[in-house]
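So that the names make sense, note that chain A is the first sequence line, chain B the second, and so on, each numbered from 1.
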2 protein chains.
Amino acid sequence: MTAEALKGHLDGLLLAVLERGPAHGYALIEALRTSSGGTFDLPTGTVYPALRRLETAGLVASTWEKGDGRQRRTYELTGAGRRHLAQQRESWHQFSGAVTAVMDGGDITWRPST
Amino acid sequence: MTAEALKGHLDGLLLAVLERGPAHGYALIEALRTSSGGTFDLPTGTVYPALRRLETAGLVASTWEKGDGRQRRTYELTGAGRRHLAQQRESWHQFSGAVTAVMDGGDITWRPST
DNA sequence: TGACGACCAGTAGCATTGCTACGCATGACG
DNA sequence: CGTCATGCGTAGCAATGCTACTGGTCGTCA
């Protein structure tokens, strides 16, 4: 379980969680942990930079939500983010299908999506 | 389509193909392409270094097979490789299950393997 | 009052990994 | 002879997530 397994998939995961509604970084970490059954327990140093990447890429937008003293930056999906997510989902299905095919046997049951 | 999606999963794929029997690098590339339905079309610069990594890690062993003039290095799984593969398979199932759970909905159906 | 932990955000530096772009060799085919 | 498929390999690069750290508010408990 090299931690590198996550590489390239984190963005999609974050976008998927944000699809349920706006959230701030800390909440995203917990959401990922719970909805992955404990598999994803990401450190802040992984998530925060990722969110900034996503924002730079225009896939999410952030706003400073100040409760009273505790400030939190709330992220939400943009239109581009939504589109990107759909595409990521498709990529994921293709990718995971291919890996499973190779891993679980030589035979492949490939469902052409188009 | 980020190529980074493969990161951390290549080893398992190579080991899985080698489980079917010994093969040399070039053949592995084609095997991966076909059994993944064309999804994995890896350049030699990806596969050869990976094989050397695996060999250094003791997961595969190589021998120079000289047909006549064309020399090819044939790889085969070691015991450790076989063990590692089993473990990789399990990791993959856990990982892919978790990603799919997050991607395709909030609910998770987690099957504890033990 | 003080200490500690949960909550919340962020950065610097690192290690790993796969990719691009090469070089080099043999054999077959025109 | 030129070119392509086969076959192995390396150098350098870019991307990404992780570790370890800083800094702050709030609540609780001794």
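Within the 4.5 Å cutoff, no side-chain heavy atoms of Met103(A) are placed close to those of Glu19(B). Side-chain atoms of Ser91(B) and Phe95(B), non-hydrogen and from C-beta on, never get closer than 4.5 Å to each other. Side-chain contact between Phe40(B) and Arg33(B) is absent, with no heavy-atom pair separated by less than 4.5 Å.
Side-chain atoms of Asp11(B) lie closest to dG18(C) of the nucleotides dG10(C), dC8(C), dG18(C).
Applying side-chain hydrogen bond (donor to acceptor under 3.5 Å, both in side chains) to Ser62(A) and the options His24(A), Glu55(A), Arg52(A) leaves one that passes, Glu55(A). Of the candidates Leu77(B), Asp11(B), Leu18(B), Thr78(B), Asp11(B) is the only one forming a side chain to side chain contact (heavy atoms under 4.5 Å, CB included) with Leu54(B).
Residues from residues 48-61 of chain B that place a heavy atom under 4.0 Å from any atom of DNA chain C, listed by number: Arg53(B).
Around the CZ atom of Arg83(B), the shell of radius 6.0 Å holds no more than 12 heavy atoms that belong to other residues, nucleotides or ligands.
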Original post:
Please walk me through it: do Leu13(B) and Leu6(B) pass side-chain contact (heavy atoms from CB on, under 4.5 Å)?
Top reply: CA-CA 10 Å; Leu13(B) 292 173; Leu6(B) 195 58; 3.8 Å; yes
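Nucleotide dC7(C) holds its C1' atom 12 Å from the CZ atom of Arg33(A), rounded to whole Å. One can place CG of Leu6(B) at 16 Å from C1' of dA14(D), the figure rounded to the nearest angstrom. In this structure, Tyr26(B) atom OH and dC8(D) atom P are separated by 9 Å, rounded to whole Å. In this entry the distance linking OH of Tyr75(B) with P of dG7(D) reads 14 Å, nearest Å. Put simply, CG on Leu28(A) is 15 Å from C1' on dG10(C), counting in whole angstrom units. As rounded to whole Å, 15 Å separates atom P of dT16(D) from atom CG of Leu42(A). For the pair Ile29(A) CD1 and dA9(C) C1', the computed distance is 10 Å after rounding to whole Å. His9(B) has its NE2 atom 12 Å from the C1' atom of dG18(C), to the nearest Å.
Residue whose closest nucleotide on DNA chain C sits further toward the 5' end, between Val47(B) and Arg73(A): Arg73(A).
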Filtered N/O pairs between nucleotides 13-16 of chain C and protein, under 3.5 Å:
unit_1	atom_1	unit_2	atom_2	d
dT16(C)	O2	Lys7(A)	NZ	3.4

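Counting non-hydrogen atoms under 4.0 angstrom, Gly25(B) reaches the backbone sugars and phosphates but no base.
Contacts of Ala50(A) classified as side chain to side chain contact (heavy atoms under 4.5 Å, CB included), with partners at least two apart in sequence or in another chain: Leu10(A), Leu14(A), Arg53(A).
Phosphate contact (OP1/OP2 of dG7(D), side-chain N/O of Arg72(B), threshold under 4.0 Å): present.
Not a single donor-acceptor pair, N or O on each side, falls under 3.5 Å between the base of dG7(D) and the side chain of Thr44(B).
Under the 3.5 Å distance criterion, with hydrogens and angles disregarded, a donor-acceptor pair is assigned to the side chains of Trp92(A) and Thr100(B).
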